[in-house]
Amino acid sequence: MKYFHHEKDIFQLTTPEYEVPVFGDQIGELELISTELSEIDIMKTVPLSGLEDYMEQNKILACTFRGKEDINIVRLLCETGFKFVGTYNKFRGSFDEFKEIVSNSNIEVNRASEEEYEEILTLEERVFDYSTFQIDPLLDPQITAYRNAVRVKSYFNNSLHRAFNIRVNKQLAGFIQFLVDDKRNVAACVNAAVDPGFQGLFIGPKLYSDAFKMIFNSGVKKINGGYSNQNPAVAKIISACHFKIVDQEIHLRIHRKS
């Protein structure tokens, strides 16, 4: 963990170990943690202008900033070398306000079994899922697709994990993952994907709506999740289900020069 400063702003840099096996190098995560810099704090920090040199010295391939869309912070980071990646919306839906997307389709959404997990991973690697890494044109698309599959797999052994799938003529057309906290009656929608061959065929709305309905019918009162602004298909589904955007964050990224 390293700290950087610019005037009174303090940024915290972390390098999660789980990214190294995927990218072959460290990936940084930068966060604004304070707008008040004391004399003691400055002794523990490095000027933000020195971030690129620090990345070079410590073999950090890229560094992502996630935070509020504060114009002063955005301009500061862009001057430092960061580039815009995307804006992510955090949404929330409640049992009382949920609206089902009705269709005449006889295709069913079902609870996924462990025997289907490998099939789910194969599908995930074929999908452009608008993750903050996959939408970055400066990163290798094969690596970011693999990272998405690693992310999906990381939830399989979680005790709160619950997945649903949708099949067309026995072929897996899509899946959606949740972490369901039955004690708190809250669920997080953590991943979803529709096979490229079935996109635009109402598979996505059917998958999301039916899965949301089954989660709510299990006793959950609220569902949280997130999606990229660059994914209008999901935005339409979330709106149609009467879910609301409750927060937004902007993603900026700087890449190591060499």
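Partners of Lys153 according to the side-chain contact (heavy atoms from CB on, under 4.5 Å) rule, which considers only residues two or more places apart in sequence or in another chain, are Leu121, Phe156. Among residues two or more places apart in sequence or in another chain, the side-chain contact (heavy atoms from CB on, under 4.5 Å) test is passed with Gln248 by Thr87, Asn89, Asn229, Ile245. Phe82 meets the ring pair (Phe, Tyr, Trp, His ring centres under 6.0 Å) test with no other residue; sequence neighbours excluded. By the side-chain contact (heavy atoms from CB on, under 4.5 Å) test, Lys83 is found to be paired with no residue, residues two or more places apart in sequence or in another chain being considered. Partners of Asp70 according to the salt bridge (Lys or Arg N to Asp or Glu O under 4.0 Å) rule, which considers only residues two or more places apart in sequence or in another chain, do not exist here. Partners of His255 by ring pair (Phe, Tyr, Trp, His ring centres under 6.0 Å), not counting sequence neighbours: none found. Residues satisfying the salt bridge (Lys or Arg N to Asp or Glu O under 4.0 Å) criterion with Glu31, sequence neighbours excluded, are absent altogether. Residues satisfying the salt bridge (Lys or Arg N to Asp or Glu O under 4.0 Å) test with Arg75, not counting sequence neighbours, are none.
Val152 pairs in a side chain to side chain contact (heavy atoms under 4.5 Å, CB included) with only one of the listed residues (Arg147, Glu125, Glu124), which is Glu124.
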Would Glu97 and Lys222 satisfy salt bridge (Lys or Arg N to Asp or Glu O under 4.0 Å), going step by step from the backbone distance to the final call? CA-CA 10 Å; Glu97 297 179 349; Lys222 292 187 182 298; over 6 Å; no
Report the C-alpha distance between His5 and Phe11 in whole Å, list the side-chain angles of each, state the deciding distance to 0.1 Å, and finish with yes or no for side chain to side chain contact (heavy atoms under 4.5 Å, CB included). CA-CA 6 Å; His5 76 268; Phe11 298 85; over 6 Å; no
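Seen from the ring of Phe95, Lys221 counts as a face-on cation partner, given the 6.0 Å and 45° thresholds.
Within the structure, side-chain hydrogen bond (donor to acceptor under 3.5 Å, both in side chains) pairs that include any residue of residues 185-207 comprise Arg126-Asp195, Arg151-Asn191, Gln177-Asn191, Lys206-Asp210 (at least two apart or interchain). Pairs passing the ring-ring contact (aromatic ring centres under 6.0 Å, His included) check and including a residue from residues 184-209, sequence neighbours excluded, read Tyr208-Phe212.
Here the side chain of Thr14 pairs no donor or acceptor atom with the backbone of Pro16 at under 3.5 angstrom.
Enclosure of atom CG in Asn217 by more than 12 non-hydrogen atoms of other residues, nucleotides or ligands within 6.0 angstrom is indicated.
Side-chain contacts under 4.5 Å among hydrophobic residues (ILVMFWY), followed directly or transitively, place Leu179 together with Tyr155, Leu160, Val190. Cluster partners of Leu138, using a side-chain heavy-atom cutoff of under 4.5 Å among ILVMFWY residues and allowing indirect links: none.
Aromatic rings of Tyr88 and His251 (six-membered ring for Trp) have centroids within the 6.0 Å cut-off, being under it.
For Lys68 and Glu249, the salt-bridge test fails: no basic side-chain N is under 4.0 Å from an acidic carboxylate O.
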